Amino acid sequence: MPERPTPSKGFIGSWGWHLLGLATLLSLVGYWHLLSLSALYVDESNGIEQPTIRLLVLLLGLFVVYWHALWLVLQMRSTRMLAVAIVCTSAMFRFVVVPSTPILEIDYQRYIWDGAVLAEGISPHSYAPGEVLEAIEQADAGMPPEEIWLAELVELSGRSESLKESLETIHYNELTSPYPMISQLVFALAAKITPDEASSYQRVTTMKAVLTCFDLVTLLLVIGLLRSCGQHLGWSLCYGWCPLLLKEIANGGHLDSIAICFSTAAVWALVSRMSYRTEELTAYSRGRPLIAGLLLGLAIGAKIYPIVLFPLFATYWLRRGSTLKVALGSMICGTIALASLGPQIAPWFGPHKQEVQEDGGIESFLARWEMNDLLFMCVRENLLPQDNTPARKKPWFDVIPSSWSRSVLDSYSAAKSKLLKSEIPLLENGKPRYSHISFELTRVIMGLATLVIACTLAWRATHPERSADEVVRAAFLTLTWFWLLFPAQNPWYWCWTLPFLPFVRYRAWHAMAALLLLYYLRFWLETHFPNPGVAGTAYDGKYFFYFIIPWIEFGILLSVLAVSWFFAQSANKRSKLATLKSV
């Protein structure tokens with residue numbers, strides 16, 4: 001579908017390419033500097049010497065250039081040459097950053113080990129890395145190989161010093177792998193193309209290069225999505241040049257690029273037959289739901305989060321197609337997702353399911369992981385009784401009396417016991433389990449809120465009179481509110497939304513990626529302020545980050561968005577009243 005024509009404007013028309021070249025040069029210099037700074041993060045234990053503040057200033061400077069470049073390309077003509085230039089410069093930036101040392105990241109070590117394990121035909125969901133380390137100790141103590149548990153993995157770790165180093169540096173090595181099978185297959189591919197004699201640096205760089213390939217494919221899909229919706233191709237720079245994305249994928253090596261790629265492809269397959277001119281579905285082929293369902297299933301099989309997009313897809317198939325299309329799309333999506341998640345969830349139903357629930361990676365993540373959140377934290381901390389909490393650990397925003405909190409949690413536990421027809425223990429090691437119960441109840445509340453938001457957005461966006469832009473915007477908002485209500489709002493999770501960011505109505509959302517850089521103050525605060533008293537508060541660096549920084553990260557942006565929404569609604573009402581009066 002041809003994009004809407006956009007002529008170049010005045011001064012930009014004659015100097016646009018020169019200014020874009022200058023922005024490219026400035027960004028290139030910035031990423032070269034990031035490459036040199038990353039060398040100071042080789043020793044993760046030496047936090048005092050790490051230039052975290054310099055890093056944040058550098059990334060903020062790159063954001064300023066990025067925003068100016070985005071404004072610039074939107075003033076230029078939307079041509080194929082512009083799209084090619086954005087793809088080439090985006091690839092060049094990634095080429096510079098991929099060889100860098102991951103900054104304040106460690107997850108890639110598990111990717112490397114999991115990939116090597118799966119390449120040997122062994123499921124990384126069956127054994128925790130800590131168990132392999134125990135087996136290695138047994139082997140070093142002289143135990144015969146036939147008596148050593150996990151002897152195959154012990155032999156695997158002995159083939160390469162760099163692989164053994166990855167095994168030894170995995171965080172939370174008492175947990176099995178939390179990553180689904182589609183991502184595991186990508187890890188195995190990286191392991192297959194990496195020789196045993198490769199150094200640790202070579203293993204990490206190979207893994208990041210593979211993940212960055214998915215990132216670049218996503219950029220091409222964003223361009224396809226923009227063309228399908230008739231949008232200016234310059235918006236693809238919004239994804240391709242985003243400094244947060246380069247930090248988290250090309251430098252940090254996060255696996256999210258796999259699910260992002262498949263999710264973007266699925267949304268593109270969903271809307272690619274819609275016309276922005278007629279705002280109706282045209283020639284919707286019988287195989288289209290199967291393709292979109294397949295891609296969404298692969299996305300869920302890479303990382304579970306895209307499942308929140310299913311209501312949008314199912315509602316779209318129903319209102320734009322038929323019940324048969326819903327059945328076909330849902331069947332292929334569910335089949336692929338279950339096949340991918342099967343090795344992960346199969347142990348839940350085995351004879352040792354209680355041990356799996358306690359030690360499984362994904363189960364532990366879903367049951368207790370909380371980091372850098374605001375909305376979830378506010379609800380959870382107010383549900384948690386705080387009367388015995390020391391001042392240095394007590395949240396300043398706790399307003400609900402502890403007696404009320406206990407009453408709510410006790411009522412929830414009683415209702416759950418009645419529903420499950422089993423006694424829910426209220427004590428653990430002689431202490432109340434209120435921390436666990438409050439987290440679980442907040443999960444339920446936020447989960448229900450996410451479901452309501454996802455279904456509401458899906459119903460509004462899939463009306464036959466809505467355009468493709470509205471469907472993509474609904475995908476963005478669904479992922480965004482899921483993330484905002486999630487207990488772990490790590491910066492790389494925001495990358496889930498970036499392919500759909502060009503379709504937002506309120507431009508304040510573009511500031512979110514830059515504000516998330518404040519997350520990295522976590523490491524600097526914990527290292528430099530081990531004792532209470534940060535900025536005159538009762539908190540040490542750790543709790544200052546927990547209870548203060550998220551309010552700056554999210555509070556400012558959410559306030560601006562709320563004000564923007566209010567004024568937009570007021571303007572709409574005035575416009576409707578004026579129309580009625582004129583009639």
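Note that the structure is a prediction, hence the values are computed from the model and not measured.
In this structure Tyr172 satisfies the ring pair (Phe, Tyr, Trp, His ring centres under 6.0 Å) test together with Trp369, sequence neighbours excluded. In terms of the side-chain contact (heavy atoms from CB on, under 4.5 Å) criterion, residue partners of Ile453 (sequence neighbours excluded) are, by chain and number, Leu457, Trp481, Leu485. For Ala190, the side-chain contact (heavy atoms from CB on, under 4.5 Å) partners at least two apart in sequence or on another chain are Met207, Val210. For Tyr520, the ring pair (Phe, Tyr, Trp, His ring centres under 6.0 Å) test picks out no residue, with sequence neighbours left out.
With contacts defined as side-chain heavy-atom distances shorter than 4.5 Å, the pair Thr206/Arg203 does not qualify. Between Tyr108 and Pro102, the closest side-chain pair of non-hydrogen atoms falls below 4.5 Å. Proximity of Ile260 to Trp496: side-chain heavy atoms (C-beta onward) are separated by under 4.5 Å at one or more points. Using a 4.5 Å cut-off on side-chain heavy atoms (C-beta onward), His125 and Met181 make contact. Taking the side chain as every heavy atom from C-beta outward, Leu70 and Trp235 approach each other to under 4.5 Å. In this structure the side chain of Leu37 reaches within 4.5 angstrom of the side chain of His33, judged on heavy atoms. Put simply, the side chain of Leu521 reaches to within 4.5 Å of the side chain of Ile53, judged on heavy atoms. Counting heavy atoms from C-beta on, the side chains of Leu309 and Leu479 come closer than 4.5 Å.
The environment of His68 atom NE2 is sparse: at most 12 non-hydrogen atoms of other residues, nucleotides or ligands sit within 6.0 angstrom. Within 6.0 Å of the CG atom in Leu515, the count of heavy atoms belonging to other residues, nucleotides or ligands exceeds 12. Surrounding CE of Met81 are at most 12 heavy atoms belonging to other residues, nucleotides or ligands under 6.0 Å away.
Evaluated for a ring-ring contact (aromatic ring centres under 6.0 Å, His included) with Phe476, the options Tyr506, Phe500, Trp483, Trp509 yield exactly one hit, Trp509. Applying side chain to side chain donor-acceptor pair (under 3.5 Å) to Arg94 and the options Asn251, Thr212, Asp215 leaves one that passes, Asp215.
No donor-acceptor distance shorter than 3.5 angstrom exists from the side chain of Tyr31 to the backbone of Phe95, with no hydrogens or angles considered. Side chain of Tyr66 to main chain of Cys238: a donor-acceptor pair is present (N/O by atom type, distance under 3.5 Å, no hydrogens or angles). Under a 3.5 Å cut-off, the side chain of Ser78 and the backbone N or O of Leu233 do form a donor-acceptor pair. Put simply, the side chain of Ser100 never gets that close to the backbone of Val96: no donor and acceptor are under 3.5 Å apart. With hydrogens and angles disregarded, a donor-acceptor distance shorter than 3.5 Å links the side chain of Ser38 to the backbone of Thr101. Although no hydrogens or angles enter the test, the distance criterion places a donor-acceptor pair under 3.5 Å between the side chain of Thr497 and the main chain of Trp494. The closest donor-acceptor contact from the side chain of His232 to the backbone of Met76 lies under 3.5 Å. At least one donor-acceptor pair under 3.5 Å links the side chain of Ser183 to the backbone N or O of Ala302. The backbone N or O of Arg227 lies less than 3.5 Å from no partner atom in the side chain of Gln231, so there is not a single donor-acceptor pair. Side-chain atoms of Arg522 do not come within 3.5 Å of backbone N or O of Phe545 as any donor-acceptor pair.
For the residue pair His254 and Asp107, the shortest heavy atom distance occurs at CE1-OD2, 3.7 Å. Residue Ala508 comes nearest to Val560 through the heavy atom pair CB-CG1, 4.0 Å, listed as atom of the first residue, atom of the second, then distance. What you find for Leu245 and Leu498 is that their closest heavy atoms are CD1-CD1, 3.9 Å. Scanning all heavy atoms of the two residues, the minimum distance from Pro311 to Ala458 falls at O-CB, 3.6 Å. Minimum interatomic distance between Ala292 and Ala266 (heavy atoms only, all atoms of both residues): O-CB, 3.9 Å. Residues Ala337 and Ile300 come closest through the heavy atom pair CB-CG2, 3.9 Å.
Note that NE2 of His463 is 13.5 Å distant from OG1 of Thr315, once rounded to the nearest 0.5 Å. For the atom pair Leu270 CG and Leu296 CG, the distance stands at 9.0 Å (nearest 0.5 Å). To the nearest 0.5 Å, the span separating CG on Leu211 from SG on Cys261 amounts to 11.0 Å. Atom CG of Leu312 and atom CH2 of Trp317 lie 9.5 Å apart (nearest 0.5 Å). Atoms CG and OH, from Leu484 and Tyr493 in turn, are 14.5 Å apart once rounded to the nearest 0.5 Å. Separating the CG atom in Leu295 from the CG atom in Leu221 is a distance of 9.0 Å, to the nearest 0.5 Å.
Using a 30° and 60° split on the angle between ring planes, Phe523 and Tyr519 fall in the perpendicular class, above 60°. Ring geometry for Phe63 versus Trp67: interplanar angle of 30 to 60°, hence tilted. Aromatic ring orientation, Tyr179 versus Phe187: perpendicular (interplanar angle above 60°, classes split at 30° and 60°).
Donor-acceptor pairing under 3.5 Å is recorded for the side chains of Asp114 and Gln184. For the residue pair Tyr316 / Arg319, no side-chain donor-acceptor distance below 3.5 Å is found, with atom types taken as modelled.
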Verdict with reasoning, Trp268 to Ser228, per side chain to side chain donor-acceptor pair (under 3.5 Å): CA-CA 8 Å; Trp268 184 27; Ser228 294; 2.8 Å; yes
Check the pair Thr462, Arg466 against side chain to side chain contact (heavy atoms under 4.5 Å, CB included), reporting the backbone distance first and the verdict last. CA-CA 6 Å; Thr462 55; Arg466 297 284 187 174; over 6 Å; no
Is there a side chain to side chain donor-acceptor pair (under 3.5 Å) between Trp241 and Thr89 once you walk through the steps? CA-CA 8 Å; Trp241 279 36; Thr89 52; 2.9 Å; yes
Check the pair Met512, Leu244 against side chain to side chain contact (heavy atoms under 4.5 Å, CB included), reporting the backbone distance first and the verdict last. CA-CA 10 Å; Met512 187 74 260; Leu244 181 69; over 6 Å; no
Would Arg505 and Glu470 count as a salt bridge (charged side-chain N to carboxylate O under 4.0 Å, His left out) if you check the C-alpha gap in whole Å, the side-chain angles of each, and the deciding distance to 0.1 Å? CA-CA 10 Å; Arg505 183 172 285 117; Glu470 295 289 339; 3.4 Å; yes
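The stretch residues 298-307 participates, sequence neighbours left out, in these side-chain hydrogen bond (donor to acceptor under 3.5 Å, both in side chains) pairs: Asp256-Lys303. Listed by first and then second residue, the side-chain hydrogen bond (donor to acceptor under 3.5 Å, both in side chains) pairs that reach into residues 548-569 are Asn372-Glu553, sequence neighbours excluded.
With respect to the salt-bridge test (charged N to carboxylate O, under 4.0 angstrom), the residues Glu105 and Lys247 qualify.
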